[in-house]
Protein chains: 2
Amino acid sequence: MKPFIQVMKALSDPNRVKIIKLLEQKSMCVCELRAALNISQPSVSKHLKILEASGLVDFQKNGLWVDYFLTDGRQSPYAATLLGSLKHWLNEDPELTGMITEIPVLDRETLCKR
Amino acid sequence: MKPFIQVMKALSDPNRVKIIKLLEQKSMCVCELRAALNISQPSVSKHLKILEASGLVDFQKNGLWVDYFLTDGRQSPYAATLLGSLKHWLNEDPELTGMITEIPVLDRETLCKR
DNA sequence: TCTATATATTCTTTTTAGAGAATATACTGC
DNA sequence: GCAGTATATTCTCTAAAAAGAATATATAGA
């Protein structure tokens, strides 16, 4: 029961769902996500930790950056199914589509050297 | 986004998931659910309200009793998909299977006249 | 209409979750 | 090793969620 609840809880916060929908497009580092969501960096890190613990995302260190990406769902059947469903869901949501169209503008190199 | 979050939130509480798994077996009234979950009656009513608002359950008044049952999911595609998945999920969970085997013992007539 | 009973609602308390500021850690290049 | 930068963690505050006690509502039957 616990793993199931963990996935549901992870997906019941709007910012975390936004992160999932962003990562559907491409893997992103913390500062890119922070810019896309317009919330603080610690907040992004904490959301990512929750998503990781539930088996929805994973990460790879890349020098100073940490790239987050969606898992293949091998760690959790619940995560796998939900990630699959989410690919079809919410694609008409104006807030999300707006956010996604802004992705190309996010340039890691310029974003992080502030 | 809101309807999606609402379904996820509804399913991120253990007692509400238990209610769903119980209603998979048969429709039940509040006092039967209360006995199965061993929590207070107001608590059951509030959980049911949350489940109803998210489109996961519906009810029918039956005299003094109110029978709750799973929806066909027509009100929410998210609810529909999750209810479908849940039929396969958590069926090996000892807490849940134990609870479900106790259902036949719950007799509405004896339960409610306390 | 009066009583009894099933459920809903309100109220209060305790726990949990989310936010950002401040700080710590980890990695890179010199 | 030192300086700079990306990310993680800690701390504190505020808001939301869950619980049960007490109360209100609604229905059935005498």
Side-chain angles (χ1 to χ4, degrees), chain A residues 1-2 5-20 22-23 27-54 57-69 106-114, chain B residues 1-2 5-20 22-23 27-54 57-69 106-114:
Chain A
M1 180 104 168
K2 179 99 171 293
I5 295 292
Q6 206 171 6
V7 172
M8 291 299 132
K9 267 204 207 310
L11 290 174
S12 54
D13 176 88
N15 279 325
R16 288 195 290 267
V17 174
K18 287 180 192 171
I19 291 176
I20 298 291
L22 284 165
L23 296 184
S27 69
M28 295 173 89
C29 72
V30 178
C31 75
E32 290 173 307
L33 290 168
R34 194 208 63 71
L37 298 175
N38 200 31
I39 60 176
S40 72
Q41 174 267 313
S43 200
V44 176
S45 282
K46 277 180 288 186
H47 283 311
L48 286 167
K49 200 170 179 68
I50 289 168
L51 290 170
E52 191 212 333
S54 64
V57 312
D58 204 350
F59 65 89
Q60 183 158 26
K61 293 209 175 188
N62 181 5
L64 213 44
W65 286 289
V66 182
D67 286 316
Y68 282 85
F69 51 88
L106 305 172
D107 175 36
R108 178 178 305 193
E109 304 295 339
T110 35
L111 268 180
C112 295
K113 316 267 162 61
R114 48 192 147 149
Chain B
M1 181 101 170
K2 180 101 170 292
I5 296 292
Q6 205 172 6
V7 172
M8 292 297 132
K9 267 204 204 315
L11 291 175
S12 55
D13 176 89
N15 279 325
R16 288 196 289 268
V17 174
K18 287 180 192 171
I19 290 175
I20 298 291
L22 284 165
L23 295 184
S27 70
M28 296 172 89
C29 71
V30 177
C31 75
E32 290 173 308
L33 290 168
R34 195 208 62 72
L37 296 175
N38 200 32
I39 60 176
S40 74
Q41 175 265 313
S43 200
V44 176
S45 282
K46 277 179 288 186
H47 284 310
L48 286 167
K49 200 172 179 67
I50 290 167
L51 289 170
E52 192 211 335
S54 64
V57 312
D58 204 350
F59 66 88
Q60 182 158 26
K61 293 208 175 189
N62 180 7
L64 215 42
W65 285 290
V66 182
D67 286 316
Y68 282 85
F69 52 88
L106 305 173
D107 176 35
R108 178 178 304 194
E109 304 295 338
T110 37
L111 267 179
C112 294
K113 317 267 164 61
R114 62 213 132 126

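From a predicted model like this one, the values you see are computed outputs, not experimental measurements. Labels below follow one simple rule: chain letters A, B, ... track the order of the sequence lines, proteins then strands, and each chain is numbered from 1.
- Atom P of nucleotide dT7(C) and atom CD1 of Ile19(B) are separated by 13 Å, given to the nearest angstrom.
- In terms of the disulfide bond (SG atoms under 2.5 Å apart) criterion, residue partners of Cys31(A) (sequence neighbours excluded) are, by chain and number, Cys112(A).
- What separates CD1 of Ile5(A) from P of dA18(D) is a distance of 10 Å, to the nearest Å.
- Checking dG18(C), dT7(C), dG4(D) against every side-chain atom of Leu64(A), the shortest atom distance belongs to dG4(D).
- Within the structure, the side-chain hydrogen bond (donor to acceptor under 3.5 Å, both in side chains) test picks out the following pairs touching residues 33-42 of chain A (sequence neighbours left out): Gln41(A)-Ser45(A).
- To the nearest angstrom, P of dA16(D) lies 18 Å from CG of Asp13(B).
- For the pair Leu11(A)/Arg16(A), no side-chain contact is recorded, criterion being any heavy-atom separation below 4.5 Å from C-beta on.
- Under the side-chain contact (heavy atoms from CB on, under 4.5 Å) test applied with Tyr68(B), the options Val30(B), Asp58(B), Ile19(B) reduce to a single match, Val30(B).
- Rounded to an integer number of Å, the gap from Lys9(A) NZ to dT16(C) P is 9 Å.
- Lys46(A) is linked by a salt bridge (Lys or Arg N to Asp or Glu O under 4.0 Å) to nothing, counting only residues two or more places apart in sequence or in another chain.
- Arg34(B) comes within contact range of no nucleotide atom at all, as no heavy-atom separation falls under 4.0 Å.
- Side-chain atoms of Tyr68(B) lie closest to dA8(C) of the nucleotides dC27(C), dA8(C), dA26(D).
- Straight-line distance from the CG atom of Asp67(B) to the C1' atom of dA6(C): 11 Å, rounded to whole Å.
- In this structure Asp67(B) satisfies the salt bridge (Lys or Arg N to Asp or Glu O under 4.0 Å) test together with Arg108(B), sequence neighbours excluded.
- DNA chain D is contacted by Gln41(A), Pro42(A), Ser45(A), Lys46(A), Lys49(A) of residues 39-51 of chain A, taking any non-hydrogen atom closer than 4.0 Å.
- Taking side-chain N and O atoms only, Asn62(B) has no distance below 4.0 Å to OP1 or OP2 of dT27(D).
- Look at CG on Asn15(B): it is 15 Å from C1' on dT15(C), rounded to the nearest Å.
- Contact of the Leu37(A) side chain with the His47(A) side chain is not registered, since no non-hydrogen atoms from C-beta on lie closer than 4.5 Å.
- What separates CH2 of Trp65(A) from P of dA8(D) is a distance of 14 Å, to the nearest Å.
- Distance, Leu11(B) CG to dA17(D) C1': 16 Å, rounded to whole Å.
- The side-chain heavy atoms of Val57(B) and Ile20(B), taken from C-beta on, include a pair separated by under 4.5 Å.
- Comparing the local axis fitted to the first five base pairs of the helix from dT1(C)-dA30(D) to dC30(C)-dG1(D) with the one fitted to its last five gives a bend of 30°, rounded to 10°.
- Between Ile50(B) and Asp13(B), the closest side-chain pair of non-hydrogen atoms is not below 4.5 Å.
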